[in-house]
Every structure is written in structure tokens, then in C-alpha cells.
> 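I have a structure I would like to understand better, so I am pasting it below and will then ask my questions one at a time.
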Amino acid sequence: DIQMTQSPSSLSASVGDRVTITCRASQGINTYLAWFQQKPGKAPKSLIYAASSLQSVVPSRFSGSGSGTDFTLTISNLQPEDFATYYCQQYKTYPLTFGGGTKLEIK
Amino acid sequence: QLVESGGDLVQPGGSLRLSCAASGFTFSDHYMDWVRQAPGKGLEWVGRIRNKANSYTTEYAASVRGRFTISRDDSRNSLFLQMNSLRTEDTAVYYCARASSYSGGWDFDFWGQGTLVTASS
């Protein structure tokens with residue numbers, strides 16, 4: 001199975017900040033990497049697919065990059081609604097696997 | 001829209017069938033998945049069913065293979081998860097998710113709101 005490792009596991013930031021979350025795959029996955037946002041008690045929301053392509057209606061302050069084994073999710077100009085938990089997920093190989101999550105909290 | 005139903009309290013060893021009703025898109029074009037989340041934990045993929053063009057074939061996580069079965073009825077725009085021999089560790093919110101192919105792979109682009117399954121005596 002491909003292991004997905006996210007860092008950090010938690011992060012404190014302020015409105016207006018720029019933050020970066022990293023995701024590392026245990027083997028190469030090309031760009032078959034997605035990012036999701038989840039707020040407490042809510043379903044996940046798809047943000048990014050193919051490592052860097054934004055899903056429709058996702059604000060442009062979200063961006064993704066990377067290929068192979070190392071990926072990043074960057075959120076510029078943090079807004080109050082961005083404080084949530086973020087997950088990466090590989091979809092190159094079965095079983096599909098998620099990272100452990102990064103909880104983004106307000107400083 | 002994706003709307004799950006069927007979650008309930010069930011005894012270990014019991015069975016349960018979840019449903020996911022789809023609307024607003026061409027259900028038959030998409031792969032469909034189940035993903036679960038145990039209380040306070042992260043996301044865990046459960047399994048997938050491909051579309052008719054790919055013969056409705058299925059994939060499962062090792063933790064549920066042989067106990068859970070995914071099916072679909074394109075005429076009713078519905079996805080199902082039959083869960084047998086339930087264990088306490090199957091307790092989770094179960095989400096159905098739509099998968100689309102924009103980039104060569106099939107990634108989740110839309111999720112239901114989830115339904116809670118509790119396996120406990």
C-alpha cells in the first residue's frame with residue numbers, strides 16, 4: 001500500500017497569513033494526488049485534483065504543486081472560513097489512501 | 001447531490017445496507033466510492049464500483065474485503081453498500097463520493113453528507 005504522510009499534523013495561523021501543508025507518498029504517484037478540506041461535523045470538500053488543478057468554485061487562494069512523491073498545498077491570504085482539517089489522497093493505486101490530516105487552527 | 005441513508009445501531013456480527021441517492025448529474029457516467037471516518041479519526045477509503053463502460057467492477061480495502069459489497073442501480077441513480085459481519089471497528093460515518101476522470105485518473109469531486117453506522121452491543 002502507498003503510505004501518505006502529511007506535515008505538520010496541526011498548524012496555527014492568522015487571517016491573512018500564507019500557509020503550506022506538505023504531503024509525501026511512500027512511492028511515486030505521478031500527479032495522482034488530491035486535496036480535501038473538512039470542517040467539524042461536515043463532509044469533506046474536494047479542493048484540488050491532479051496535484052495542482054482546482055475543482056470548480058474553489059477560490060484561487062488555494063494552490064497545489066508537486067509530482068512523484070512530494071506535494072504541497074498552499075493557502076494564501078487565509079480567510080476565517082479556511083480554518084479546517086486538510087487531507088491529501090493518492091488515487092494512482094489501489095487501495096486508495098489518505099494522509100492523516102492537518103488541522104489548521106486560528107492563532 | 002448525494003444523499004446517504006441507512007445508518008443505524010447494529011450489534012457486532014450483524015448486517016446493514018447503506019444507500020446513496022444521486023441527483024443532478026449523469027450518475028451512470030461516474031465511478032462511485034464509499035469512504036468512512038471513525039469518530040475523531042481520519043478518512044479511510046472503503047471501496048469503489050466502476051461504471052457500466054468498465055463493467056461495474058469493484059475494488060475494496062483489505063479491511064472490508066469479503067464482508068462488504070458495493071453495488072449500484074443506474075436506473076435508480078443509486079449506490080449501495082451491503083455490510084455483513086460488522087465489527088466494532090466498522091463504527092464510522094460513511095460517505096458516498098462521486099469520482100470523475102479529468103486527468104487520466106478517477107478522483108473524488110463530490111461527497112454526500114454521510115450516514116452514521118454504530119456497531120456495538
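Here is how names work: the chains are called A, B, and so on, in the same order as the sequence lines, proteins then strands, and each is numbered from 1.
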> Using the ring pair (Phe, Tyr, Trp, His ring centres under 6.0 Å) rule, collect all pairs that involve residues 45-68 of chain B, keeping only residues at least two apart or in two chains.
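Output for this query lists A:Tyr94-B:Trp45.
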> Counting C-beta onward and ignoring hydrogens, is there a side-chain heavy-atom pair between A:Ser46 and B:Phe110 closer than 4.5 Å?
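No. Closest side-chain heavy atoms not under 4.5 Å.
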> Sort by residue number and list every residue of residues 100-107 of chain A having at least one heavy atom under 4.5 Å from chain B.
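Against chain B, none of the residues of residues 100-107 of chain A fall inside the cut-off of heavy atoms under 4.5 Å.
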> Measuring heavy-atom distances to chain A, does B:Phe108 have an atom under 4.5 Å in its side chain, in its backbone, in both, or in neither?
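Both backbone and side chain of B:Phe108 come within 4.5 Å of chain A.
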> Checking side-chain polar atoms at under 3.5 Å, does B:Asp107 have a donor or acceptor matched by the opposite partner on A:Gln55?
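Yes, side-chain donor-acceptor contact under 3.5 Å.
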> Is A:Phe71 linked to A:Phe98 within one hydrophobic cluster, defined over Ile, Leu, Val, Met, Phe, Trp and Tyr using a side-chain heavy-atom separation of less than 4.5 Å?
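No, A:Phe71 and A:Phe98 fall in different hydrophobic clusters.
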> Does B:Arg76 have more than 12 heavy atoms from other residues, nucleotides or ligands lying within 6.0 Å of its CZ?
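It does not: B:Arg76 CZ has 12 such atoms or fewer within range.
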> Which heavy atom of A:Ala43 sits nearest a heavy atom of B:Gly112, and at what distance?
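Taking every non-hydrogen atom into account, CB-O, 3.0 Å.
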> Are A:Tyr86 and A:Tyr49 in one and the same hydrophobic cluster, where Ile, Leu, Val, Met, Phe, Trp and Tyr link if side-chain heavy atoms are under 4.5 Å apart?
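No, it is not one cluster - the side chains of A:Tyr86 and A:Tyr49 are not joined through contacts under 4.5 Å.
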> At a heavy-atom separation under 4.5 Å, does A:Lys92 approach chain B through its side chain, its backbone, both, or neither?
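When you check distances to chain B, no heavy atom of A:Lys92 falls under 4.5 Å.
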> Side-chain heavy atoms nearer than 4.5 Å, only ILVMFWY residues, links allowed to pass through others: does that put B:Val35 and B:Val3 together?
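They do not share one cluster, since no chain of ILVMFWY contacts under 4.5 Å joins B:Val35 to B:Val3.
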> In terms of hydrophobic clustering (I, L, V, M, F, W, Y; side-chain heavy atoms under 4.5 Å; direct or indirect links), are A:Tyr87 and B:Trp111 co-clustered?
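They do share one cluster, since a chain of ILVMFWY contacts under 4.5 Å joins A:Tyr87 to B:Trp111.
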> Spell out, yes or no, whether B:Met83 and B:Tyr95 are grouped together once hydrophobic residues are joined by side-chain heavy atoms under 4.5 Å, including indirect joins.
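No; B:Tyr95 is not reachable from B:Met83 via cluster members.
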> Once you round to the nearest 0.5 Å, how far does OG1 of A:Thr93 lie from CD of B:Glu59?
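Those atoms lie 11.0 Å apart.
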> Are there more than 12 heavy atoms of other residues, nucleotides or ligands under 6.0 Å from atom CZ of B:Arg67?
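It does: B:Arg67 CZ has more than 12 such atoms within range.
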> Looking at A:Lys39, I'd like to know if its NZ atom is crowded, meaning that more than 12 non-hydrogen atoms belonging to other residues, nucleotides or ligands lie closer than 6.0 Å.
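Enclosed: over 12 neighbouring heavy atoms sit under 6.0 Å from NZ of A:Lys39.
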> Before giving the answer on side-chain contact (heavy atoms from CB on, under 4.5 Å), spell out for A:Gln89 and B:Leu43 the whole-Å C-alpha distance, their side-chain angles and the decisive distance to 0.1 Å.
CA-CA 9 Å; A:Gln89 179 241 337; B:Leu43 300 170; over 6 Å; no
> If I measure from the heavy atoms of chain A, does B:Gln113 come under 4.5 Å with its side chain, its backbone, both, or neither?
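B:Gln113 touches chain A through backbone heavy atoms alone.
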> Quick one: what part of B:Val93 sits under 4.5 Å from any heavy atom of chain A, side chain, backbone, both or neither?
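Neither; nothing under 4.5 Å.
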> I want to check something: taking the side chain as every heavy atom from C-beta on, are A:Ser53 and B:Tyr102 in contact at a cut-off of under 4.5 Å?
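They are not in contact (no side-chain heavy atoms under 4.5 Å apart), so the answer is no.
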> Is it the side chain or the backbone of B:Gln37 that comes within 4.5 Å of chain A heavy atoms, both, or neither?
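For B:Gln37, side-chain heavy atoms alone lie under 4.5 Å from chain A.
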> Among pairs that include at least one residue of residues 16-121 of chain B, which meet disulfide bond (SG atoms under 2.5 Å apart), considering only residues two or more places apart or in two chains?
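Checked against disulfide bond (SG atoms under 2.5 Å apart) - neighbours excluded - the pairs reaching residues 16-121 of chain B are B:Cys20-B:Cys96.
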> Tell me the disulfide bond (SG atoms under 2.5 Å apart) pairs involving residues 53-107 of chain A, sequence neighbours left out?
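Every disulfide bond (SG atoms under 2.5 Å apart) pair that includes a residue of residues 53-107 of chain A, provided the two are not neighbours, is A:Cys23-A:Cys88.
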